[in-house]
Amino acid sequence: MREKRQTYKRNQIGFLFSLIICVCNLTAQTVIPVATKNNLLLMQTDNSNRLRIIYFGKPLANESEYKAVAANYNYDESNAGIYNSAYTPAGTWNLSEPAIQVKHADGNTSLELKYISHKKEQIDANVAVTSILLKDPVYPFEVTLFYKVWEKENVIEQWTEIKHKEKKPVVLQKYASANLYFANKDFYLTSFQGEYLKEMQPVETKLSQGIRTVDSKLGTRAMLLQTPNFILSFGKSASENEGTVMLGQLAWSSNFKLDFEIDSHKNLRFIAGINPFASEYSLVPNETFKTPSLIYALSNNGTGEASRNLHDWARKYRVLDGQGERLTLLNNWEATYFDFDENKIKALFEDAKDLGVDMFLLDDGWFGNKYPRNNDDAGLGDWQENKKKLPNGLGYLVREAKKEGVKFGIWIEPEMVNPRSELYEKHLDWVIRQPERPEIYYRNQMVLDLSNPEVQDFVFGIVDDLFVKNPELAFIKWDCNAVIYNAYSAYLNKKGVPQSNLYVDYVKGLYKVLQRIRAKYPKVPMMLCSGGGGRADYEFLKYFTEFWPSDDTEPIERIFLQWDYSYFFPSITTDNHVTDWGKQPLKFRVDVASMGKLGFDIVAGELDTNDKIFCKEAINNYNSFKDIVWHGDMFRLVNPHENDISALMYVSKDKSKAIVFNYLVNNRFSITATKRPVVFNGLDANKRYTVKEINLYPGVSSTFSSDKVFTGDFLMKAGFNPNVTLKRTSVVLEVNEVK
Ligand code: GLA
């Protein structure tokens, strides 16, 4: 009886639900709003039931006026079809860049998508997901568009799910994550480009008619040359504290494609997704293909506010342990490279302890026996301790580190193989390579085929084995130093799956491994590294607590790099190490590395007394303000790309404490910028503060006293001169509220 009642109830709910959907269907010109606190995206169906984007901008106060928007635009659509489709199909009416292009099971290449229904699911007071179902009227083929919003942070995550019930697989030739449309006069795009040791270089261009594509075809290490991060600025070039901007990223850890197209109406069509290059994806019936997410923060007050919102969102909702702590460390990579043994490493534990960092990180070179890893041309794949270097194994080192009171972390590069390895000898079929062609190496290595479940087990096993044998292992640095050449999977071939699934199935396989690792080891911190900054995105950061922005640790270069990464990533996620690179004094290097997660990669035992005292004091200081750098609000004050100095500050959420980093970034004789004050930001205008210089060398005093009291109002209007000069190239200020 009870069961019957429940079934009846369910049917009732079902009926009610279909009624809602029905109502949506019957209402001509359905309007679908996707709103955050300061932004509104409006979509509307047209007379043919196609879904279009009709508005993207400041929220409209009256819902009743939503429908009046479309009448404002007189678009002639006789040329290339509809420009403002919410998800542009190919093969029918559209003759411009599509969001989706398919080959049906019967070989037909036409697709039309019509609105069927939509719903909004309120997850909590701040978070909601709107989903919109579109269907092809001729083929059993459907697409669902998802828009997840974080209202307070003005952040939107967009993705698409594709499914069909055709008799055989459908080939997805293009399958974008998002398709947006913006009507404005001028559009400025900042993309981030680079190469090894010069990652994340911003380039701003005013978009003109045609398509500007930002993409990657590298497979692994995908964002080395171009990144999936971008800034769009509307009406004028992007600026820090004013103007409407969008800070976005395609969260996909492999080949991506961002198409920014100014159409013949001079509006901007934006299509972002997995790069369709060599990636026609064969989708079997009833399986759902979920695209990666396009994530973006919107602001009407410039890039500063958009970054702070994105940082808040990332820490609270996305990055693994984003609101937690991080471990300061001493790394041996640049101190020893491959040349070390047990005793040398043990001595470094003492240095770590003496400096006062939390952890020692053992880098590359600890493994391989038949092919010892004494150089970068052998051993990758053979994850057993090298008996000569580490006769007592890793367990012994973990215990010895513990005796010194420091934690122990380790480097791995589990997706890779050197041809000089036992793994290569045993499992040639696990290696991505063209069987009939000469092998091509990148840093003497090749990539393992993670589309193969056996390889997934192997990679999971490397991490699992380390933790099972060494439960107190505190940290993993996960590296990836090669791109995918000669893309070919023996596994997919054996299974009869088209080779063009490889790029996508590789990443899906990698995510599966990371999910397994996190199911078993939910919180152990892991650093994502890719021969410098070849990898960092918000899909990876679900599994990683932090990333390595670049092998370039030259501190002036680093000021620029960290500045440019800061548009998208909170400082808690960026690992910065003090090394011997560059001509800047140790203080300069330590100050720069303190703007994120601080680490050292120097021979600490060889520091002279003053340097040692300074470092210890700077680490103490760091421990006192790291909470603000990690969890506070970041304000970019003086842009190093445009000035002789650079300044950046972090403010605690309650505005009672701040830390300001100031640097000379130009060594020319007469530096005008240093004659002027730096104008602070983010303080409480009504609070009173002192400003004190910290991170000073023993015996060196500041050029100003810390007794003076300033109002927040003064510091944020008149500013404060940190006295950066050719002799004082790096100045760190601690700002404290006077109660
Ligand atoms: C890459 C990393 C470095 C270091 C080396 C080890 O280049 O970016 O930090 O770990 O590999 O081989």
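Note that ligands are numbered from 1 as they come in the structure, with each ligand's atoms numbered from 1 the same way. Please read these numbers as outputs of a predicted model, since none were measured by experiment.
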The criterion is salt bridge (charged side-chain N to carboxylate O under 4.0 Å, His left out); which residues satisfy it with R373, sequence neighbours excluded?
D364
Sidechain N-carboxylate O distance under 4.0 Å for D321, K523:
yes
Output every pair passing salt bridge (Lys or Arg N to Asp or Glu O under 4.0 Å) with a member in residues 613-629, not counting sequence neighbours, ordered by first then second residue.
D354-K616
Expected contact list for ligand 1 at under 4.0 angstrom, heavy-atom basis, is W333, D363, D364, W411, R443, K477, D479, N481, C529, G531, G532, W548, D551
Tell me every residue that passes side chain to side chain contact (heavy atoms under 4.5 Å, CB included) with S253, counting only those two or more places apart in sequence or in another chain.
V507, Y511, D537, E539, F540
Measure from the side-chain N and O atoms of H641 to the backbone N and O of P202, and report whether any donor-acceptor pair falls under 3.5 Å.
no
D215 and T213: side-chain donor and acceptor closer than 3.5 Å?
no
